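Owing to the predicted nature of the structure, the values given are computational and were not obtained by experimental measurement.
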Amino acid sequence: MKTLFNNAKIILMVLFINAAIAQTPKQEVNSSLGTLKQINAGVLNVGYTEAGPSNGAPVILLHGWPYDIHSYNEVVPILVSKGYHVFTPYLRGFGTTTFLSKDTFRNGQQAALASDVIAFMDALKIDKAVIGGFDWGARTAVVVSALWPERVKGLVSVSGYLVVNLEANLKPLPPKAELGWWYQYYFATERGKLGYTQNTYEFNRQIWQVASPLWNFDKATYDQTAQSFNNPDHVAIVIHNYRWRQSLEAGESKYDSLEKRLASRQAIKVPTITIGSDFDGAFADGKAYADKFTGKYEHRILKGIGHDVPQEDPKAFAQAIIDVDGFSKK
């Protein structure tokens with residue numbers, strides 16, 4: 001009887017392990033990003049790459065939607081050559097980052113993503129880092145800088161001050177501006193959720209083309225990132241992110257105090273470089289948000305570059321990281 005019991009335990013363990021493996025997204029990463037690793041941080045098991053000397057100054061690079069860590073394929077080697085210790089984590093809902101519990105709410109609100117970064121830093125014992133990003137990654141980096149400035153040595157944000165203000169988001173924009181956000185309204189419908197679920201690959205490729213019309217990326221480049229969208233929580237996180245922004249779905253009460261602070265549009269005091277590109281249209285000059293950065297600050301404009309700045313102009317993005325780090329040394 002004891003033998004049968006032990007055999008049953010072994011079988012159950014094997015089944016559990018196999019089930020866990022099946023839930024882990026398969027992912028191959030470009031060798032230029034360093035080594036792909038996993039670490040438990042907060043509510044997540046975070047997939048991330050690490051490159052550069054362990055005693056180098058830490059840099060955390062955050063990707064956007066619908067992109068992933070491969071936006072930094074050419075940025076990371078530049079920073080490593082300068083002695084930086086570079087980390088590129090997959091955001092929740094992307095790549096090999098998964099939730100530790102099936103019961104955790106699949107939340108895409110800004111305070112949740114920013115809290116993920118702090119948990120990631122705590123897990124790796126990173127006290128302070130230069131943080132850079134674009135799209136969701138820029139918003140997350142700005143939110144971290146606003147709420148936990150003591151953890152940020154310097155900030156690089158494409159498109160500037162991207163903190164979501166739910167009250168302001170309820171106000172309509174001019175028709176031409178509204179047209180640019182068509183996918184947010186699509187995601188607000190059940191048809192949109194179903195459409196994104198069924199057509200994730202084609203949908204996100206369309207976003208790439210619209211956001212960066214002058215970037216002639218090939219299929220291999222897109223496919224390298226598209227594997228990240230196979231994450232089991234990808235659709236849930238994306239849909240919630242955009243519905244939350246439109247006040248169509250609630251966030252979690254545990255983030256209420258953080259969101260209240262963000263709603264006050266507090267200034268960013270850490271050294272910052274913002275980047276404007278063709279994607280930003282009339283806002284590329286940065287004048288609309290320059291007053292939100294009260295520390296040492298610089299704005300740069302990249303012409304002929306779309307939304308995925310680190311992948312379209314890796315030298316410019318890497319230089320911004322290096323330069324903002326230098327702000328604190330002067």
Side-chain angles (χ1 to χ4, degrees), residues 62 64-66 91 93 105-115 133-147 155 157-193 195-196 203 206-207 210-212 236-269 272 274-294 297 299 301 306-307 309:
L62 304 174
W65 170 86
L91 301 184
F105 177 50
R106 273 37 178 178
N107 183 352
Q109 74 181 104
Q110 60 187 359
L113 271 71
S115 296
F134 71 104
D135 195 77
W136 286 22
R139 176 175 296 104
T140 303
V142 170
V143 170
V144 170
S145 300
L147 298 176
L155 166 68
S157 174
V158 174
S159 301
Y161 191 89
L162 294 175
V163 177
V164 173
N165 184 297
L166 295 181
E167 184 176 350
N169 268 15
L170 294 175
K171 299 176 182 178
L173 299 171
K176 187 175 181 180
E178 295 283 23
L179 180 64
W181 303 119
W182 65 272
Y183 56 89
Q184 297 198 28
Y185 304 120
Y186 183 63
F187 288 160
T189 68
E190 286 307 297
R191 176 190 176 102
K193 182 178 180 180
Y196 189 61
F203 191 101
Q206 177 70 15
I207 295 293
V210 171
S212 302
I237 295 297
V238 171
I239 296 300
H240 182 265
N241 177 284
Y242 287 106
R243 289 185 177 182
W244 175 81
R245 292 196 212 180
Q246 300 296 333
S247 297
L248 298 174
E249 288 193 13
E252 292 180 87
S253 59
K254 66 179 181 179
Y255 298 117
D256 285 353
S257 62
L258 298 180
E259 294 293 352
K260 185 176 181 179
R261 290 171 58 189
L262 294 171
S264 70
R265 303 282 289 172
Q266 60 190 92
I268 305 300
K269 301 177 182 179
T272 301
T274 54
I275 298 174
S277 70
D278 289 357
F279 175 84
D280 300 304
F283 298 100
D285 61 12
K287 293 179 181 178
Y289 50 74
D291 63 345
K292 302 308 297 181
F293 299 94
T294 58
Y297 174 69
H299 181 72
I301 302 173
H307 197 35
V309 168

Trp65 and Tyr183 aromatic ring geometry - parallel, tilted or perpendicular at 30°/60° bounds:
tilted
May I have the step-by-step check of side-chain contact (heavy atoms from CB on, under 4.5 Å) for Tyr297 and Thr274, ending in yes or no?
CA-CA 8 Å; Tyr297 174 69; Thr274 54; 2.6 Å; yes
Distance check, rounded to the nearest 0.5 Å: Leu62 atom CG versus Thr140 atom OG1?
6.0 Å
Might you point out which heavy atoms bring Ala141 and Leu155 nearest each other, and give the distance in Å?
CB-CD1, 3.5 Å
Per-pair distances, 0.1 Å, donor-acceptor, side chain in residues 236-244, under 3.5 Å, sequence neighbours excluded:
residue: His240; atom: ND1; partner: Asn107; partner atom: OD1; Å: 3.4
residue: His240; atom: ND1; partner: Gly108; partner atom: N; Å: 2.9
residue: His240; atom: NE2; partner: Ala250; partner atom: O; Å: 2.9
residue: Asn241; atom: OD1; partner: Arg245; partner atom: NE; Å: 3.0
residue: Asn241; atom: OD1; partner: Arg245; partner atom: NH2; Å: 3.0
residue: Asn241; atom: ND2; partner: Gly108; partner atom: O; Å: 2.8
residue: Tyr242; atom: OH; partner: Trp136; partner atom: NE1; Å: 3.1
residue: Arg243; atom: NE; partner: Phe187; partner atom: O; Å: 2.8
residue: Arg243; atom: NH1; partner: Glu190; partner atom: OE2; Å: 3.1
residue: Arg243; atom: NH1; partner: Glu249; partner atom: OE2; Å: 3.1
residue: Arg243; atom: NH2; partner: Phe187; partner atom: O; Å: 3.2
residue: Arg243; atom: NH2; partner: Thr189; partner atom: O; Å: 3.0
residue: Arg243; atom: NH2; partner: Glu190; partner atom: OE2; Å: 3.0

Heavy-atom nearest pair, Asn169 first then Gln246, reads O-OE1, 4.0 Å
Residues Ala188 and Leu248: closest non-hydrogen pair is CB-CD1, 3.4 Å
Can you name the side-chain hydrogen bond (donor to acceptor under 3.5 Å, both in side chains) partners of Ser159, sequence neighbours left out?
Asp280
Would you indicate whether the side-chain heavy atoms of Leu262 and Leu147 approach each other to under 4.5 Å?
yes
side-chain contact (heavy atoms from CB on, under 4.5 Å) partners of Lys269, counting only residues at least two apart:
Thr294
Less than 4.5 Å apart, any side-chain heavy atom of Leu258 and any of Ser115?
yes
Atom of Gly306, atom of Ser277 and distance for their closest heavy-atom approach:
O-OG, 3.0 Å
Are the side chains of Ser145 and Thr272 in touch, meaning some heavy atoms are under 4.5 Å apart?
no
Do you know the tightest heavy-atom contact between Gln110 and Val164?
OE1-N, 2.8 Å
Tightest non-hydrogen contact, residues Asn165 and Ala263, listed as ND2-O, 3.3 Å
Any donor-acceptor pair under 3.5 Å linking the side chain of Asp285 with the backbone of Lys287?
yes
Aromatic ring pairing His299/Tyr289, orientation class (parallel under 30°, perpendicular over 60°, tilted between)
perpendicular
Side chains of Phe134 and Ile275: closer than 4.5 Å at any heavy-atom pair?
no
Taking the side chain from Gln266 and the backbone from Ala146, do they hold a donor-acceptor pair closer than 3.5 Å?
yes
Looking at side-chain heavy atoms only, is the closest gap between Val163 and Val143 below 4.5 Å?
yes
Go through Glu252 and Gln109 one step at a time and tell me if the side-chain hydrogen bond (donor to acceptor under 3.5 Å, both in side chains) criterion holds.
CA-CA 9 Å; Glu252 292 180 87; Gln109 74 181 104; over 6 Å; no
Return yes if a side-chain donor-acceptor contact under 3.5 Å exists between Glu178 and Tyr185, otherwise no.
yes
Would you give the length of the straight line joining atom CD1 of Ile207 to atom CG of Asp135, rounded to the nearest 0.5 angstrom?
9.5 Å
